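None of the values given here were measured: they were computed from a predicted structure.
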Amino acid sequence: MARSRVPILIMGVVLWCCLTTPAKAEYMKYKDPKQPIPVRIQDLLDRMTLEEKIGQMVQIERKVASAEVMKEYFIGSVLSGGGSVPAPQASAETWINMVNDFQRGSLSTRLGIPMIYGIDSVHGNNNVYKATIFPHNIGLVKKIGAATALETRATGIPYAFAPCIAVCRDPRWGRCYESYSEDPQIVHDMTDIIPGLQGDIPTDSPKGVPFVAGKNNVVACSKHYVGDGGTTKGINENNTVIDWQGLLSIHMPAYYTSIMKGVSTVMISYSSWNGIKMHANRELITGFLKNTLGFKGFVISDWEGLDRITYPPHANYSYSIQAGIHAGIDMVMVPYNYKEFIDGLTVHVKNNVIPMSRIDDAVRRILRVKFVMGLFENPLADNSLVDQLGSQEHRELAREAVRKSLVLLKNGQSSNQPLLPLPKKTSKILVAGSHADNLGYQCGGWTIEWQGFNGNNRTIGTTILAAINNTVDPSTNVVYKENPNAEFVKSNNFSYAIVVVGEHPYAETDGDSMNLTIADPGPTTIRNVCGAMKCVVIIISGRPVVIEPYLASIDALVAAWLPGTEGQGVADVVFGDYGFTGKLPRTWFKTVDQLPMNVGDPHYDPLYPFGFGITTEPTTRQSDDNPFLCTTTPLLYFWDFPENH
């Protein structure tokens, strides 16, 4: 008995050692950054269940997201819709903490696949308090893209739903200000914002493969594929009636260029092409975008884009899921009813309505972007870039962009007596108009809220009135009255007046307009002021508006578009510190009855043609002793903002 206890004791010790010695962790190629990205993608894809794959295809709104939801449903992406913020006037740190909380939920899953957070950084990180708000879709795009990337990353967000590369062919469209031009060549050229956002793609990079340079850059998204700017009468989400050659020559070139520049994602348009909903158009999404153009990033739907395949929306969601995924959409911006989408897609796959190969293609593309951008190596954001939000350097860039985007349409009642630039030193000047002292109005839609805002208390910036006060001589008395009557104007002996009027903010369908009028009381303000004295009218708008009825009484007319937070750039040029250089990127019509009317059309008869803009030289004039000191030269050529201006 004594001898038999010894081997039993030894066996017990061996068993105890086996049970207590940690097992060597399994080597997972997808976690190894030294492995080629295709190898990492395949390794991870082979490990994923159907539930995990479908989860990667889902993008949900932050309002319904939590760490628990991310973990339970394997959610691949979260977004902030327009105006969706963690708290009013949230700091960069608050944004980072929210994003990281969602991310930790994703990292706690079996495979630890990080989620990607997206936001509409369409003219700066425009949802965020204190961010620099750049002018909507003008030049200096590469620099603005780089600054926008930094300000977006400052809040912990690595994915921007920009740029919009629509070619707006009718200014009645409520998204025309999101388009660079009516001219496809200009829109093509403005895709330089993509290397600004994502970084410069290496010369040896394979065609169609997405590229993101690093943690100071963001994933970009060219949108809305395709033809969104060509709908009938400019009605948002409507039908674009055009033949194949027209689609290729007008609306497609910027997508080809985007892909060549390594754009990571493409968003599909709500609109239809010749009656076929783009969200269900397999020929254009899979056939042309993916197969012909060779796009290797992922295709994302627009907000509830699958719902709108049917009318009314969501009428047959099972069909919409089938049609959208079959067409080639990889990630679906649900954004709220994610359980319904997950259940519906799961049923379709299990019933062989949608093949597993289509699911694998979608997930492979999503993972490719996540690996390329380094999300697996750096899933959590830190505070290292918080100082970039609204930095002075970025505000100076935005101010420069404002200066260069101003278009001088009229300067004096005769060419030899120009009114602009204005003297800084004079006895008393009048500033009038609803848009002179309204930061929200000058920023436009997609600013703080989806539809923009009214007033000066929602973010930080410089109104045009404040800019005028900053610029004039201290001895000049600046009188501001929003809508003065004619008697007030005539009785105050003003040297000149600056009238700032235009459109109220809007976004998408809310901006569709069949009349394109200046918002009340703007026309009355123009008549009361300009009918009584020398005046310069500054138009704040996302597109050309009706101005011809008032033109005779206006001495100088400036199209300032939607300048954003840095209104000082307007005063810089109006008072001659810099000259006017901007050119019209779209035709300024006489009446809305002419629309649609684009350069090259047989019936082309504009008030101001595409490419028009009067130039002026900077002046050192400080007083009104010689009000006609500057010289002006009308020039007619394409709108252009070279980076070295």
Side-chain angles (χ1 to χ4, degrees), residues 25-26 28-49 51-62 64-80 86 95-119 149 152-161 198 210-221 264-265 297-298 300 330-335 338 342 362-385:
E26 179 188 359
M28 297 183 179
K29 290 182 179 179
Y30 80 90
K31 291 187 175 182
D32 184 356
K34 296 179 181 178
Q35 290 288 340
I37 286 178
V39 172
R40 299 178 75 183
I41 293 171
Q42 192 60 51
D43 180 67
L44 179 51
L45 199 62
D46 290 344
R47 299 172 187 273
M48 295 174 73
T49 64
E51 188 179 12
E52 289 166 331
K53 290 176 180 178
I54 289 176
Q56 283 300 300
M57 298 172 67
V58 179
Q59 184 179 69
I60 64 175
E61 221 286 332
R62 54 157 292 279
V64 297
S66 67
E68 293 73 26
V69 167
M70 304 303 292
K71 181 178 181 179
E72 182 176 355
Y73 295 95
F74 310 103
I75 301 297
S77 184
V78 181
L79 84 150
S80 278
W95 279 92
I96 289 168
N97 291 338
M98 176 193 69
V99 173
N100 283 346
D101 181 58
F102 298 150
Q103 190 68 283
R104 290 187 181 97
S106 295
L107 297 177
S108 69
T109 57
R110 181 178 72 93
L111 295 172
I113 303 173
M115 69 87 190
I116 181 172
Y117 198 106
I119 196 167
T152 303
R153 281 284 195 172
T155 54
I157 298 173
Y159 182 15
F161 302 131
Q198 296 191 158
F211 174 79
V212 182
K215 293 172 67 176
N216 290 350
N217 299 96
V218 294
V219 167
C221 179
S264 297
T265 71
F298 70 78
I300 186 169
D330 304 312
M331 182 178 283
V332 178
M333 194 183 293
V334 179
Y338 58 92
I342 290 170
V363 177
R364 181 175 282 108
R365 290 167 176 275
I366 293 165
L367 294 178
R368 181 178 292 122
V369 171
K370 291 184 176 183
F371 280 123
V372 161
M373 66 184 290
L375 194 59
F376 280 79
E377 286 67 57
N378 296 289
L380 296 172
D382 57 39
N383 293 354
S384 61
L385 294 176

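- The shortest heavy-atom contact between P158 and Y117 is CD-O, 3.3 Å.
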ask   = Stepwise, does the side chain to side chain contact (heavy atoms under 4.5 Å, CB included) test hold for I113 with E52?
value = CA-CA 9 Å; I113 303 173; E52 289 166 331; 5.6 Å; no
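- Within the 4.5 Å cutoff, side-chain heavy atoms of P33 are placed close to those of R40.
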message = I'd like to know whether I41 forms a side chain to side chain contact (heavy atoms under 4.5 Å, CB included) with K370, so could you lay out the CA-CA distance, the side-chain angles of the two residues, the decisive distance to 0.1 Å, and finally the verdict.
response = CA-CA 10 Å; I41 293 171; K370 291 184 176 183; over 6 Å; no
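- The distance from the CD1 atom of I157 to the CD1 atom of I116 is 11.0 Å, given to the nearest 0.5 Å.
- Across all non-hydrogen atoms, the minimal contact from R62 to P86 is NH2-CA, 3.7 Å.
- Salt bridge annotation for E51-R110: absent, with no cationic side-chain nitrogen under 4.0 angstrom from a carboxylate oxygen.
- Without hydrogens or angle criteria, Q103 side chain to P379 main chain gives a donor-acceptor distance under 3.5 Å.
- Rounding to the nearest 0.5 angstrom, the gap separating the CZ atom in R47 from the CG atom in L111 is 7.5 Å.
- Between the side chain of Q198 and the main chain of S264, a donor-acceptor pair closer than 3.5 Å is present.
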key: M28 vs L44, side chain to side chain contact (heavy atoms under 4.5 Å, CB included): CA-CA, chis, key distance, verdict   = CA-CA 8 Å; M28 297 183 179; L44 179 51; over 6 Å; no
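- Rounded to the nearest 0.5 Å, atoms OG1 (T109) and NZ (K71) are 8.5 Å apart.
- Judged purely by atom type and a 3.5 angstrom limit, N100 uses its side chain to pair as donor or acceptor with the backbone of A381.
- Residues I300 and C221 share a closest heavy-atom pair of CG2-SG, 4.2 Å.
- Using modelled atom types, one side-chain atom of R365 and one backbone atom of G297 make a donor-acceptor pair closer than 3.5 Å.
- Between Y338 and Y73, the ring planes lie perpendicular to each other; the angle is over 60°, past the 30° to 60° tilted range.
- No donor-acceptor pair under 3.5 Å is formed between the side chain of R364 and the backbone N or O of Q42.
- Rounding to the nearest 0.5 Å places CE of M57 at 10.5 Å from CD1 of I342.
- Put simply, the side chain of D43 gets close to the backbone of K29: a donor and an acceptor are under 3.5 Å apart.
- The distance from atom CE of M48 to atom CZ of F74, rounded to the nearest 0.5 Å, is 9.0 Å.
- To the nearest 0.5 angstrom, N383 atom CG is 4.5 Å from I96 atom CD1.
- Heavy-atom minimum distance, D101 versus A67: O-CB, 3.6 Å.
- Annotation: side chain of L367 is not in contact with side chain of Y30 (no heavy-atom distance under 4.5 Å).
- Side-chain contact annotation: T265 with Y159, donor-acceptor N/O pair under 3.5 Å present.
- Of all heavy-atom pairs between I75 and V69, the closest is CG1-O, 3.9 Å.
- You'll find the side chain of L380 reaches within 4.5 Å of the side chain of L107, heavy atoms only.
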key: Intermediate values then yes/no, side chain to side chain contact (heavy atoms under 4.5 Å, CB included), I60 and F102   = CA-CA 11 Å; I60 64 175; F102 298 150; over 6 Å; no
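- A donor-acceptor pair under 3.5 Å is formed between the side chain of R153 and the backbone N or O of K215.
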